[in-house]
Amino acid sequence: MKEARRADIRIGLASASQNGSYILDKIGLRSCFDTIVDPSLLIKGKPDPEIFIKCAHQLGVPLENCVGIEDAAAGVEAINAAGILSVGIGSDIELKAAQIILPSTQQLKLNIF
């Protein structure tokens, strides 16, 4: 997160959870995010790409310039359907559709994109 902020990369949360903002506030990371998509305003859930398209729009970033990071197969499917570079975090079997697969967020570095 710090590396992305230093590089002036905009960051958004596209979680299906209604508690996204609350959790970010509780762990002290809310200020790291430029936008949070409100899932209650969406018509379709993942694996539909709507949430990722909405997040990119709220950030003002073209889809082709976005990277989506997910830990669930439905999320990876949604990212891919949106035309966004998909990064799966976790089991490579479960997330095999991701364009990049990493075992944990500790391996996330800007130079892998």
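The structure presented is a predicted model; accordingly, all values stated were derived computationally and were not measured.
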Identify the heavy atoms of [X] and [Y] that sit nearest to each other, and give their distance.
{"X": "Val37", "Y": "Lys54", "answer": "CG1-CG, 3.9 Å"}
{"X": "Ala78", "Y": "Asp48", "answer": "CB-O, 3.4 Å"}
{"X": "Leu110", "Y": "Ala7", "answer": "CD1-CB, 3.7 Å"}
{"X": "Ala82", "Y": "Leu63", "answer": "O-CD1, 3.4 Å"}

Could you state the interatomic distance from [atom1] ([X]) to [atom2] ([Y]), rounded to the nearest 0.5 Å?
{"X": "Leu95", "Y": "Ile100", "atom1": "CG", "atom2": "CD1", "result": "13.0 Å"}
{"X": "Lys96", "Y": "Glu94", "atom1": "NZ", "atom2": "CD", "result": "10.5 Å"}
{"X": "Asn80", "Y": "Phe52", "atom1": "CG", "atom2": "CZ", "result": "10.0 Å"}

### Message
Test of understanding: with salt bridge (charged side-chain N to carboxylate O under 4.0 Å, His left out), list the residues that count as partners of Arg5, not counting sequence neighbours.
### Response
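Once residues adjacent in sequence are excluded, the partners of Arg5 under the salt bridge (charged side-chain N to carboxylate O under 4.0 Å, His left out) criterion are Asp34.
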### Task
Take Leu102 and Ile112, measure what side-chain contact (heavy atoms from CB on, under 4.5 Å) needs, and give me the verdict at the end.
CA-CA 10 Å; Leu102 302 172; Ile112 66 169; 3.6 Å; yes
### Query
Any side-chain heavy atom of Lys44 sitting closer than 4.5 Å to one from Ile51?
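Heavy-atom side-chain distance check fails, nothing below 4.5 Å.
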### Message
Is there a side-chain contact between Ile101 and Ile89 in this structure, where contact means two heavy atoms from C-beta onward sitting under 4.5 Å apart?
### Response
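Result no, sub-4.5 Å side-chain heavy-atom pair not found.
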### Message
Tell me whether Ile93 at atom CD1 has more than 12 heavy atoms from other residues, nucleotides or ligands lying less than 6.0 Å away.
### Response
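Open: at most 12 neighbouring heavy atoms sit under 6.0 Å from CD1 of Ile93.
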### Listed once per pair and sorted, the salt bridge (Lys or Arg N to Asp or Glu O under 4.0 Å) pairs that draw on residues 70-84, sequence neighbours left out
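For residues 70-84, and leaving out neighbouring residues, the salt bridge (Lys or Arg N to Asp or Glu O under 4.0 Å) pairs sorted by first residue read Lys46-Glu70.
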### Query
Gln107 side chain to Ser104 main-chain N or O, any donor-acceptor pair under 3.5 Å?
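At least one qualifying donor-acceptor pair exists.
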### Message
Donor-acceptor check, side chain of Thr35 to backbone of Gln58, threshold 3.5 angstrom: yes or no?
### Response
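Pair absent, no side-chain N/O of Thr35 close to backbone of Gln58.
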What side-chain donor-acceptor pairs closer than 3.5 Å can you find for residues 8-21, not counting sequence neighbours?
unit_1, atom_1, unit_2, atom_2, d
Arg10, NE, Leu59, O, 2.8
Ser15, OG, Ser17, N, 3.0
Ser17, OG, Asn19, N, 3.0

### Query
With the 4.5 Å side-chain cut-off for hydrophobic clustering, are Leu24 and Met1 part of the same group?
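Both belong to a single hydrophobic cluster.
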### Query
Does the side-chain contact (heavy atoms from CB on, under 4.5 Å) test come out yes or no for Ile36 and Arg30, once each step is laid out?
CA-CA 9 Å; Ile36 298 173; Arg30 176 62 182 96; 3.3 Å; yes
